[in-house]
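Single-structure report; data block below.
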Amino acid sequence: MIDAKPLLAKKDSQSAEYPRPQFRRNDWIDLNGTWKFQFDDENVGEQEAWFKQGVQGEGIQVPYVYQSEMSKVNDQEHHSIIWYEKTFEWQTTNNEVYLHFEAVDYYTKVWVNGQLIGDHEGGHTPFSFLITQALNNGENTITVRVQDENSVEQPIGKQSWKSDNFLCWYTRTTGIWQPVWLEEVSSIHLQDVGMTPSVEDSTLHLQARVKGHQYPVYLEAEVFFEDEWITTAGTWVKGTQSSIDLTLDVQSDEADFRVFYWSPDHPNLYDIRFTVKDRSKTYDQVESYFGMRSIEVKGERILLNRESFYQRLLLDQGYYPGALMTATSKQMEEDLKKVKEMGFNGVRRHQTIADRQYMYWCDRLGLVMWAEMPSSFLFSTTSMSRMMEESREMIAKHYNHPSVIIYTLMNESWGVNEIYHRDDQQNFVNALYYQAKAFDPTRLIVGNDGWEHTLTDILTVHDYNSDPESMSRSYKNKEEFVNGSPSTTSCKQNYAKGYKYGGEPVIISEYGGIAYGSTKGNDWGYGTRPESQEEVLLRLEQLTNVIKDTKYIQGFCYTQLTDVEQEVNGLLDHNHEYKFDPEKIKRIIAQQSNGFVFE
């Protein structure tokens with residue numbers, strides 16, 4: 001049975017499951033758990049006013065999608081329209097109440113007590129609604145309708161748009177797949193803040209928005225490092241003003257070079273407390289953190305904090321046992337600790353937008369992260385508009401996380417299949433590139449990862465050659481390689497027609513993919529299949545050494561972290577357990593390469 005009137009207990013925002021760890025108020029209200037759930041295959045729910053009459057189906061465990069075992073529905077058929085309902089008791093106050101969805105795939109409409117609150121399109125980014133005016137003092141009902149056609153004009157990433165999984169495309173994700181929660185705040189509060197570090201002059205620039213004030217209020221920022229106070233600064237915000245710019249000097253005599261840098265070896269994080277107040281009252285207080293780090297290109301090298309930085313990345317598809325793309329904070333932490341234990345210094349989060357807890361653990365543990373926009377698979381005005389909008393939301397979600405150093409906007413020409421020769425598709429990728437640079441000029445951008453580049457800050461190459469000698473020959477002559485077609489497995493040109501190499505750093509952003517473990521008929525990986533662990537490790541070492549011995553290459557990304565459904569080329573198995581001795585992997589991966597040269 002579903003309890004129709006659960007009492008909503010507030011939770012401490014320091015709890016591990018808090019969905020937004022970089023923007024903490026004192027408490028929050030968890031709406032995960034059992035919701036009523038119903039398929040709407042005939043699309044009659046709105047006409048019959050299910051948002052007033054009620055959802056009649058059985059329960060689902062939010063935030064797991066109905067296709068997953070953890071949802072307790074575990075239905076593999078495609079249902080394009082689904083409904084959720086949650087009933088709860090609420091005691092109204094003078095504060096504002098926000099309903100937060102961390103990610104819902106794909107088009108969402110929300111009602112509270114039968115009143116339409118709003119809608120959102122996009123399957124991977126967070127959104128919120130102010131629901132104060134719709135709440136009753138007593139029983140309340142949230143109703144959610146989700147429509148997901150799994151169309152090739154939607155950004156769907158690795159979700160199969162066919163009736164079954166195929167190649168490297170997996171089970172679909174429909175509906176709520178990241179946390180749902182409530183937040184109660186003062187009507188005058190900090191709406192959001194962007195934090196931009198500058199290691200050159202030891203400052204942190206803040207761009208904040210304050211909401212709800214009609215008279216001047218004061219925004220104060222206090223900075224600490226390991227509980228030691230660093231600085232306090234603030235500014236008065238006029239009643240007619242909502243956006244604020246503020247710069248803080250965060251240098252310290254205790255740091256070796258004026259600031260405590262964030263890096264994979266030393267993931268130093270500063271704490272920062274924001275307070276909105278006036279001369280007599282405090283309205284809002286938010287706890288956050290930031291990292292002092294820079295990422296830039298200098299000639300053919302990538303510099304992290306003005307030092308040459310060789311990237312040893314592991315590709316992470318973001319799938320979890322029994323849960324598809326949904327994970328607990330503990331699962332994310334354990335995976336990322338294993339990434340470090342195997343000698344990697346970063347992850348490429350592939351074709352999905354990670355939970356904020358995932359980025360939090362990258363920040364805390366010291367792993368650089370490539371954030372990637374999930375692809376659509378048909379070029380049209382509809383798909384372009386959707387990609388442009390959701391990629392903006394992706395950037396906003398990642399902006400404050402020091403671990404995130406690169407945005408990948410397209411992958412392997414998916415959705416722009418004719419980009420090599422078509423001006424419109426080239427212009428679209430360039431539009432994504434310039435949009436990303438406008439919204440976040442602090443990070444590096446890869447326009448179309450893998451091949452057929454147009455505008456890009458890095459020449460990235462996907463090469464699944466399983467023969468180390470043949471692979472080595474592809475990269476011996478740099479002048480021939482950079483404007484050629486080095487991969488014998490893709491046979492794609494590095495640059496689209498009309499574009500050529502301009503001295504960018506080179507990274508092999510996918511390689512390996514060595515299958516090992518399962519022997520089912522539809523299981524697969526790249527290249528010839530080894531028969532033993534020793535053979536896998538030997539090939540991994542030989543292929544990795546080809547890259548590391550090519551001095552102009554600045555890093556690599558191995559495919560992949562875990563086995564995923566029919567793909568068995570993970571260093572971890574489907575249950576995220578080691579398939580190989582991590583120390584043996586580390587000896588292969590973490591040998592010193594190009595070195596660190598201080599600029």
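Keep in mind the model is a prediction, meaning the values are calculated, not measured.
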Lys/Arg N to Asp/Glu carboxylate O, [X] vs [Y], below 4.0 Å:
X: D148; Y: R172; answer: no
X: R293; Y: D363; answer: no
X: R386; Y: E153; answer: no
X: E389; Y: R392; answer: yes
X: E333; Y: K337; answer: yes
X: E300; Y: K478; answer: yes

Report yes or no: do [X] and [Y] form a side-chain donor-acceptor pair below 3.5 Å?
X: S413; Y: N448; value: yes
X: T454; Y: Q426; value: no
X: R539; Y: Y516; value: no
X: S202; Y: Q251; value: no

Is a side-chain donor or acceptor of [X] paired with a backbone partner of [Y] at a separation under 3.5 angstrom?
X: D355; Y: A103; answer: no
X: D440; Y: A436; answer: no
X: Q311; Y: G346; answer: no
X: D335; Y: Y358; answer: no
X: N150; Y: S160; answer: yes

What residues, two or more places apart in sequence or in another chain, satisfy side chain to side chain contact (heavy atoms under 4.5 Å, CB included) together with [X]?
X: N477; result: E479, E480
X: S532; result: E534, E535
X: Q566; result: N165, Y170, N522, D523, W524
X: D467; result: N465, E469, S470

With sequence neighbours left out, write down each residue that passes salt bridge (charged side-chain N to carboxylate O under 4.0 Å, His left out) with [X], or none if nothing qualifies.
X: D423; answer: none
X: D316; answer: R349
X: K330; answer: E334
X: D581; answer: none

| query | Would a line drawn from the ring center of Y320 to the ring center of H576 be shorter than 6.0 Å? | reply | yes
| said: Is the distance between the ring centroids of Y558 and Y511 under 6.0 Å? | reply: yes
| Of the non-hydrogen atoms in T326 and W177, which two are nearest, and what is the gap between them? | OG1-O, 2.7 Å
| query | Are W161 and L378 close enough that some pair of their side-chain heavy atoms sits under 4.5 Å apart? | reply |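 A side-chain contact under 4.5 Å is absent here.
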| field | Residue pairs involving residues 388-426 (criterion ring-ring contact (aromatic ring centres under 6.0 Å, His included); sequence neighbours excluded) | value |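 Passing the test, one end in residues 388-426: W169-W414, F377-W414.
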| task | Give a yes or no on this: more than 12 heavy atoms of other residues, nucleotides or ligands lie within 6.0 Å of atom CD of E254. | result | no
| message | Applying salt bridge (Lys or Arg N to Asp or Glu O under 4.0 Å) as the test, list every pair that has at least one member in residues 497-513; sequence neighbours left out. | response | R348-E510
| query | Who are the side chain to side chain donor-acceptor pair (under 3.5 Å) partners of S485, not counting sequence neighbours? | reply |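 In terms of side chain to side chain donor-acceptor pair (under 3.5 Å), with neighbours along the sequence ignored, S485 is linked to no residue.
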| Looking at residues at least two apart in the chain, or sitting in another chain, which of them share a side chain to side chain donor-acceptor pair (under 3.5 Å) with Q207? |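 With sequence neighbours excluded, Q207 shows a side chain to side chain donor-acceptor pair (under 3.5 Å) to no residue whatsoever.
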